[in-house]
Amino acid sequence: MRMLLFVCLAIIGLGLTQAFFPSNSISLSAASSGRSQSLMMSCRRNNKTEKRKRNRDYARKFQTKGLDSRKNIVIEQKRNVVAKSEEKFQAEVYKLTTDDDMPAYTGFEFSA
């Protein structure tokens with residue numbers, strides 16, 4: 001009885017361990033047919049060339065353009081207009097006042 005149990009456990013154990021290893025039938029069939037290998041390599045080559053083309057296109061898309069373009073000139077002009085108005089506003093907000101700017105208050109006596 002123990003021997004039968006041991007044999008059953010050994011068969012189950014071998015079945016489980018083979019699940020972690022690749023089967024030989026796939027690798028043998030791919031290696032035996034040279035055509036499938038060349039097809040796999042040609043697909044890989046095509047994928048690589050397509051990827052290079054995509055990378056070139058993306059690099060061109062996100063490339064910084066020179067400052068001579070009309071768009072950049074207009075943007076810079078708009079920035080200058082906004083900066084000037086902002087400076088004017090800040091000058092009004094934080095304007096320094098002197099005694100000459102303020103009318104003299106009467107009725108307050110400050111004695112030391």
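Because only heavy atoms are used, hydrogens play no part in the values below, and waters and symmetry mates are left out as well, while side chains stay in.
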(message) Would you compute the distance between atom CG of Asn80 and atom CD1 of Ile75 and round it to the nearest 0.5 angstrom?
(response)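 Those atoms lie 12.0 Å apart.
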(request) Please round to the nearest 0.5 Å and tell me the distance separating atom CZ of Phe6 and atom CE of Met1. (result)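 Between Phe6 CZ and Met1 CE, I get 15.5 Å after rounding to 0.5 Å.
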(message) Strictly below 4.0 Å, N to O, side chains only: are Arg54 and Asp57 in salt-bridge contact?
(response)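 No, this pair does not count.
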(request) Could you tell me whether Lys84 and Glu87 make a salt bridge, using a distance below 4.0 angstrom between a side-chain N and a carboxylate O? (result)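 Result for this pair is no, no salt bridge flagged.
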(message) For Thr49 and Asn46, which I'm curious about, is there any donor-acceptor pair between the side chains at under 3.5 Å?
(response)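 No - no donor-acceptor pair under 3.5 Å links their side chains.
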(message) Please identify which of these residues, Glu76, Arg70, Lys71, meets the side chain to side chain contact (heavy atoms under 4.5 Å, CB included) condition with Val74.
(response)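 Output: one option passes, namely Arg70.
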(message) Do Tyr94 and Phe89 land in one hydrophobic cluster if side-chain heavy atoms of ILVMFWY residues count as linked below 4.5 Å?
(response)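 Yes; tracing contacts between hydrophobic side chains, which count when under 4.5 Å, links both residues.
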